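A short write-up of the structure that comes next.
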Amino acid sequence: MVSKTLNAPNGYKVRISLKTALGEDAYEWNQSEMFFFQATMAFAMRRHFQMETYNVDNIILCVQTSRVSFWFVVTSPDNTTMLIPKADVEKAVRMSRHRINNAFLLSDRTLEFLGIYPTLAAPVNPDTPPWLIVFGVVIGAVCVGIIALLISSLLQKRRKEKGMTEDGQDEEDMQVKGVENGINLDGTYNRGFTDDDRFTKL
């Protein structure tokens, strides 16, 4: 049932943006869609109160506009002259908000219950506990530090051994050159290479 006027403090205004949500695929909002909305709200009321007595006749639609907005109120299944309090309607909408949105291919921003703010998504609980992630990061950093220290020590050792090898080679080269020039680097004079006539006479 659709009423043309509304004078009830327990009503909620609904605003729907089909073009914004669906673009060229937007469907026409007509009486069938209004009936569908009544059915989804009846479902939400049944789910909230866990009663199967709510039906489309308990969802009264009012003040419909061509820009797809309207007001609605919910009447009691036991007494159609008594309206369900606004707070209870809000709880029912919040509980089934996702189902209502999906029914019309819309979202909280394109199917607005003015005065009922979108329900925040439940926080995502990671499969791995945060403390275990931190522990893994710390252990990883320690392992990297140990590996870096070992590599640094190994490189220093290799540099030191290479330096000692080069020093020994330089000393050997100096001895060879000294012998070639007639000088023995260990303090022994090589007379075979002297220019003194005393040592060169046969």
Side-chain angles (χ1 to χ4, degrees), residues 1-140:
M1 181 175 66
V2 178
S3 174
K4 295 186 180 298
T5 60
L6 174 68
N7 184 18
N10 292 313
Y12 274 108
K13 183 177 182 179
V14 176
R15 186 164 55 201
I16 297 175
S17 304
L18 293 174
K19 287 289 185 181
T20 300
L22 303 174
E24 296 181 356
D25 296 328
Y27 51 84
E28 180 186 0
W29 188 265
N30 50 33
Q31 291 300 317
S32 296
E33 299 297 335
M34 295 293 287
F35 178 83
F36 189 27
F37 178 83
Q38 289 175 290
T40 57
M41 282 305 306
F43 161 80
M45 297 302 295
R46 288 187 178 196
R47 186 182 180 197
H48 173 62
F49 285 105
Q50 297 182 352
M51 296 171 56
E52 296 183 0
T53 53
Y54 282 94
N55 55 55
V56 293
D57 292 334
N58 297 117
I59 313 299
I60 310 300
L61 305 182
C62 320
V63 197
Q64 183 179 0
T65 68
S66 59
R67 296 179 64 87
V68 192
S69 68
F70 53 88
W71 289 76
F72 77 95
V73 293
V74 182
T75 62
S76 171
D78 300 327
N79 184 357
T80 57
T81 62
M82 184 176 69
L83 298 180
I84 300 299
K86 196 171 184 178
D88 289 330
V89 176
E90 178 177 350
K91 290 177 182 178
V93 171
R94 284 185 175 277
M95 179 180 290
S96 300
R97 187 69 179 263
H98 183 66
R99 301 285 295 275
I100 296 171
N101 289 346
N102 286 346
F104 296 97
L105 306 178
L106 301 174
S107 66
D108 289 345
R109 290 188 297 178
T110 53
L111 197 168
E112 301 176 86
F113 290 83
L114 302 186
I116 302 178
Y117 297 101
T119 304
L120 297 177
V124 178
N125 295 322
D127 296 333
T128 305
W131 67 266
L132 187 57
I133 296 175
V134 174
F135 178 76
V137 172
V138 171
I139 293 299

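Note that this is a predicted model, so its numbers are computed, not measured.
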Query raised in the report: Out of R97, R94, R15, which one pairs with F113 under the side-chain contact (heavy atoms from CB on, under 4.5 Å) rule?
Result: R97

Requested in this report: Please collect all salt bridge (charged side-chain N to carboxylate O under 4.0 Å, His left out) contacts where either partner lies in residues 22-45, sequence neighbours excluded, each pair once.
Outcome: none

Report summary line: Nearest heavy-atom approach of K86 to G11 is CE-O, 3.5 Å

Query raised in the report: Any sub-3.5 Å donor-acceptor pair from N58's side-chain atoms to V74's backbone N or O?
Result: no

Requested in this report: Could you walk me through whether S107 and N101 pass the side-chain hydrogen bond (donor to acceptor under 3.5 Å, both in side chains) test, one step at a time?
Outcome: CA-CA 5 Å; S107 66; N101 289 346; over 6 Å; no

Report summary line: What one should report as the nearest heavy-atom pair of A21 and L106 is CB-CD2, 3.4 Å

Requested in this report: May I ask you to test the I60-T75 pair for a side-chain heavy-atom distance under 4.5 Å?
Outcome: yes

Query raised in the report: Do the non-hydrogen side-chain atoms of T40 and F104 ever get within less than 4.5 Å of each other?
Result: yes

Requested in this report: State, to 0.1 Å, how close Q64 and Q31 come at their nearest heavy-atom pair, and which atoms those are.
Outcome: OE1-NE2, 4.0 Å

**Report entry** Verdict with supporting geometry, W29 and L18, side-chain contact (heavy atoms from CB on, under 4.5 Å)
**Finding:** CA-CA 8 Å; W29 188 265; L18 293 174; 4.0 Å; yes

Report summary line: Taking every heavy atom of R99 against every heavy atom of R47, the minimum-distance pair comes out as CG-NH1, 4.1 Å

Query raised in the report: For F35, does the CZ atom have more than 12 heavy-atom neighbours from other residues, nucleotides or ligands under 6.0 Å away?
Result: no

Query raised in the report: What class does the angle between the rings of F49 and Y54 fall in, given that below 30° is parallel, 30 to 60° is tilted and above 60° is perpendicular?
Result: parallel

Report task. Kindly compute the distance separating CD1 (I16) from CZ (R67), expressed to the nearest 0.5 Å. Result -> 13.5 Å

Report summary line: Closest non-hydrogen contact found for T53 with R46 is N-NE, 4.4 Å

**Report entry** Derivation of the side-chain contact (heavy atoms from CB on, under 4.5 Å) call for I100 and M41
**Finding:** CA-CA 8 Å; I100 296 171; M41 282 305 306; 4.1 Å; yes

Query - Audit row: I84, M45, side-chain contact (heavy atoms from CB on, under 4.5 Å) steps and yes/no - result: CA-CA 10 Å; I84 300 299; M45 297 302 295; 3.9 Å; yes

Report task. Compare all side-chain heavy atoms of S69 with those of K13 and state whether any distance is below 4.5 angstrom. Result -> yes

Report summary line: Residues A103 and F36: closest non-hydrogen pair is O-CE2, 3.4 Å

Query raised in the report: In terms of ring plane angle, is the pair F72 and F37 parallel, tilted or perpendicular, where the classes change at 30° and 60°?
Result: perpendicular

